[in-house]
Amino acid sequence: MDPIQWLVFLIFGLPLIGFPLVIGVGYIKKNFSMYLGTALVFISFLIALYVFFTDTVKGTIITATLNWLPNLPVSIPVGIYADQLSMIMVLMVSFVGFLIILFSVGYMAEDPRRHIFFGEMVLFTASMLGLVLSSSLLMLFIFWELVGLCSYLLIGFWYYKPNAASAAKKAFIVTRVGDVFFIAGIGAAILYSGGNALSVSPTALSTIGTTWERTIVALLLFGGAIGKSAQFPLHVWIPDAMEGPTTVSALIHAATMVTAGVYLIARTYTIFTPAALTVVLSVGVFTIILSGLIGLVVNDIKRILAYSTISQIGYMVAALGLGLGATSIGLSIYQLESHAFFKALLFLSAGSILHALLNTRDINKMGGLWKKMPITMGAMLVGALALSGFPPFAGFFSKDSIISASYGHNTIAWILLVIGGFLTALYTFRLFFRIAFGNPRSHAAEHAHESKWIMLIPIIILAIFSTIFGVFQNGFYSFLGGATTSIGFIDAVPATVAVIGIGIAYYAYGRESTIPQRVAKGSGFLYRFVKNKFYLDTLFTNVVAERVVLGFSVIMGNFEKKILDGFINTWGEIFRDAGLTLRKLQTGIARQYALIILVGLVLSLLFIRILMFMGVIH
Amino acid sequence: MITITGYGLGNYADLWNIYVLFLGAFVALLVSMFSENRIVHVAIGAVFAFTSLVMTLMLGNLFAGVGTGSPIMISGFSSLLFVTILIPAIMSVLGMSSFPKTNKPGLMVAIFLISLGFMGLAVSSYNLLFIFLAFEGVSIPTYVITAFGKNDSELESSIKYFIVGAFSTGLIIFGISLYYIATGSLYLGTVSRFNEIYVLGMGILIFGFGFKLAIFPLQGWAIDTYTGTSNPVSSLLSTSSKIMTLGVMMNIFLSSVNFFGYLKPVFAIIAILTMTFGNLVAISQKNVKRMLAYSSIAQAGYLSTVFLVAGTGAVTLAIISILMYAMAYGLMKGGSFIAMNNFDNYDLENFSGLWKRNPLFAASFSILLLSLAGFPGTLGFIGKYFLFLSVISTGTVLAYIVIIFAVLNSVLSFYYYGRVIMYMFWKKGNSKPVSSNYITIAAAAITVIFGVLWFALYSYASGMIVHLPAILAGGI
């Protein structure tokens, strides 16, 4: 391999190989693992930066492929595939990951198991980096599962809290449902392309023959993407996942896990036929509205952010569903990156607040923090403005471009996306005003104080990026091969709607008012419906899990116990009895061994002689 | 077809990687005049074996061009084979730091190094007389070292080994004389003039040499000896000595052009019987060391499938894969036999709860067992995969039948390996602390590293095997 290929390998190889070391040094001194973990991810980022500016900007695609297990009917490529899309993801993941881990140095400073935490964070980042650099679907799947594993470990990091333990299980099981689709998609891709489509390069993927076959593979892969990217109906794990440490939520939401699904769709975009894209668009748009509505009635600061993530990922998925080729990828990935910045910013600010408020998460118990924590709240305001798409913050450029792009394409989608923008502004500023304004509504909020500098530095860097990231918009689109945009009249609509949303939020939540209660009471049934998250959790737990799956598993369990076990036990007994019989050959008497050898020798010579006489073999 | 001409001694004068082992034996004897410190002698043994390993790796390709008419020839193939012999041998000599119990460690290490040196000579010999001498040079020191602890079970196992070994020596001599009658030469790869005598002689040679490989009707001594003798010696006998025998047999039978047709059905039957017997009886064993002995019988069955590629285009791939499998086999078998050093009895119950008592050791031992069973991600899987692949690529019905049996047997073997793992991890019981065995841990680590990064090994081996001894390519 060339040096440059080694470098690309090191981007994810270094933290992947280094993570046991991070845990290991923790046994010498716990703080060492914090520094080592941060350093590893930072070096990854530096290497990524070097590779990006030496090769990727020239349009070079760095690949190195090796056939793991040769001579099979299907080749199993493993290796690296670093094109523009991958490298842009790598830069974002390593950079945001580094900032979040840096923040964790302050945030987790007192945790007794922090060496394990940092080891897992490094592994999480490494698996995500490996995921975006994988050259084959199979290798991508391996890292995909590693990401799932890390999310399980980290969400359940405070495993002694029953909520955290069950949330970790939920995240793992729900994303597993998606993974089943993913692996079925890989199978279908192998089947329909004679094994060529295991590689992720567009030429290899386009060997899948007919439109129908492409649609099937695309929809199966999309099923996997839904699970990881938390789209309807598999979004239910993400609000519960807020039980983990806040920095974990930041990493899951901004840099690593939920973006994996979007990346998968963008990576395999060649095989998404119009039929598949319609499904993608519908799921994206539906998720935006659904999660926007739920976001309005939740009171937990982190859960509000979680629902906002679901809806923002919905925008990315919807952008891909528009089916504009490279332009769609550009729109979606640009939204992904700017979302990574402002969502990491919002989560880290939330982390800073929770750190100050001793983990009180109910926004009804906050208030008046504007004066107590000016830097954190200022950063949060930037994040909130960016999230609502207020010009000139990053979210305005990324999200409004998606909405505008849908205008000429699909008017119903456009209307729903605009409504989604309105909801986003409304719930975001409901959150912000409840926290920042008014009087402190609890003891903890009265005694809040600003956080340590090591926590504020990443927040400030992210705030700067959330503000200025819009500058890169057109450069970004053309870099990924899409069409550039310019701001026109149609862009004013979402921006105006966002301003209206912020206004309503101020009117209802920014000052003392009873409007929310009256609205809630007035809408009655509808409010309860939304408040209970559209009864989706109840549906999944009570109907799907308890009735259908459990019932089925009882039937299968009986089948296994009665029929399969009997079958296997019979064979087991046959083999055991055979062993017990053959064992008698082993008498322990040396002369008998010699006799057995002699008999064997005579028999085999006789056998050879017979072969000779028969003339079968010469 | 290749006729052998020329009577030079080959690169006899350059075999320093082998002579250094004999030198080491004398050093050990010399030192034992002044000190009988066990650690010193084990260190001498390890250092000389390691020096030989380094020299073998460096020497490897130097003598690729030496003519095939030589009785002794070190080539890429034989030096790689010697590497796979030396690695488990180093593990064995390190294991000798605690067993066998003796007050003459100097003599023990000297004997060990002498037998190791003869192993190197045996795999690089291409003349039956040389092969016979080197083979006996391995046998006699190992008879002694098997009995070195002088307790009852060691003496008993040595006697069994010796009786069956003497019997086999007779067979070898008889086979060699028939070979000479048939061909008029003792060089390998000579074309016979009297086919029936030749075939008879070769059939007897299979049994004569096969006893050290412990293939089916000759397995009796092996189980008792592996179980009865001390762990490092079991490890030596079941790894280095076995791999050496395999190499010698490959040299003899893969170059015997007239014999290819008879070789395959005979070895197909032997391979199937060997692995099935080993696995079936291993299932009924409650003693872990005896289970390992049976499993090494089963492994001999897998190893002997390699003879099915004789005279086809798959020989090169088969030889590369047999080298990888031999490497894996040495690591996992040696590692697990030496792991027995840390237990005072080998009853399955004694392994219960090992995970709680020493997690690292339990994990390493489990990795080695999984590797023996052929679990993906370990070198054992890679070796088995390539070996079976190369056999299947000959495309004959016989090859398919044998490989189907081999795969079914691998599945079967998960039962008894898995049972030990089950006891170590999930059974409660024994809570006596167990110390770590670093040889086992290192073997497990290498098994996993090369199990994933196997292509490093593969490309190194295929680089060396470019210069496959021409006679091995036999009928191509």
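In what follows, every chain begins at residue 1, and chains take the letters A, B, ... in the order their sequences are listed. Just the heavy atoms: all of them, side chains too, but no hydrogens, waters or symmetry mates, feed the values below.
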Q: Looking only at heavy atoms, which two atoms of B/Leu200 and A/Leu605 are closest? And how far apart?
A: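 The pair with the smallest heavy-atom distance is CD1-CD1, 3.8 Å.
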Q: If you count every heavy atom of other residues, nucleotides or ligands that lies below 6.0 Å from A/Phe141 atom CZ, does the total exceed 12?
A: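 Enclosed: over 12 neighbouring heavy atoms sit under 6.0 Å from CZ of A/Phe141.
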Q: Nearest 0.5 Å, please: how far is OH in B/Tyr262 from OG in A/Ser604?
A: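 Answer for the OG-OH pair, A/Ser604 versus B/Tyr262, is 14.0 Å.
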Q: Mind listing the closest non-hydrogen atom pair of B/Pro217 and A/Ile597 along with its distance?
A: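 Nearest pair, atom of B/Pro217 first, then A/Ile597: O-CG1, 3.3 Å.
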Q: Should the heavy atoms of other residues, nucleotides or ligands under 6.0 Å from CZ of B/Phe405 be counted, would the total exceed 12?
A: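 Atom CZ in B/Phe405 is not packed in, count stays at 12 or less.
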Q: Considering residues, nucleotides and ligands other than B/Phe174, do more than 12 of their heavy atoms fall under 6.0 Å from its CZ?
A: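 Counting other residues, nucleotides and ligands, CZ of B/Phe174 stays at 12 neighbours or fewer.
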Q: What residues, two or more places apart in sequence or in another chain, satisfy side chain to side chain donor-acceptor pair (under 3.5 Å) together with B/Asn409?
A: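 For B/Asn409, the residues satisfying side chain to side chain donor-acceptor pair (under 3.5 Å) (neighbours in sequence not counted) are B/Thr276, B/Asn279.
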Q: State, with a plain yes or no, whether a side-chain heavy atom of B/Pro265 is found less than 4.5 Å away from one of A/Leu611.
A: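 B/Pro265 reaches A/Leu611 side chain to side chain.
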Q: Can you tell me if OH on A/Tyr27 sees more than 12 non-hydrogen neighbours from other groups inside 6.0 Å?
A: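 12 or below, so no.
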Q: Side-chain contact test, heavy atoms from C-beta onward, threshold under 4.5 Å: evaluate it for A/Met612 versus B/Val199 and give yes or no.
A: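 They are in contact (side-chain heavy atoms under 4.5 Å apart), so the answer is yes.
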Q: Between B/Trp221 and A/Tyr593, which heavy-atom pair has the shortest distance, and what is it?
A: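 Looking at all heavy atoms of both residues, the closest pair is N-CD1, 3.5 Å.
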Q: Taking side chain as everything from C-beta outward and backbone as N, CA, C, O, which of these in B/Tyr415 sits under 4.5 Å from a heavy atom of chain A? Side chain, backbone, both or neither.
A: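 Interface part for B/Tyr415: neither.
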Q: Given a strict heavy-atom distance threshold of 4.5 Å, which part of A/Arg591 is in contact with chain B: side chain, backbone, both, or neither?
A: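 Neither part.
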Q: For B/Met422, look at atom CE and say whether over 12 heavy atoms of other residues, nucleotides or ligands are found less than 6.0 Å away.
A: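 Enclosed.
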Q: Quick one: closest heavy-atom pair of A/Ala590 and B/Lys160, and the distance?
A: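 The pair with the smallest heavy-atom distance is CB-CG, 4.0 Å.
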Q: Could you list which of residues 564-582 of chain A have a heavy atom closer than 4.5 Å to any heavy atom of chain B, in residue-number order?
A: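 Listed by number: A/Phe575, A/Arg576, A/Ala578, A/Gly579, A/Leu580, A/Leu582.
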Q: How long is the straight-line distance from CD1 of A/Ile608 back to CD1 of B/Ile204, given to the nearest 0.5 Å?
A: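 These two atoms lie 9.5 Å from each other.
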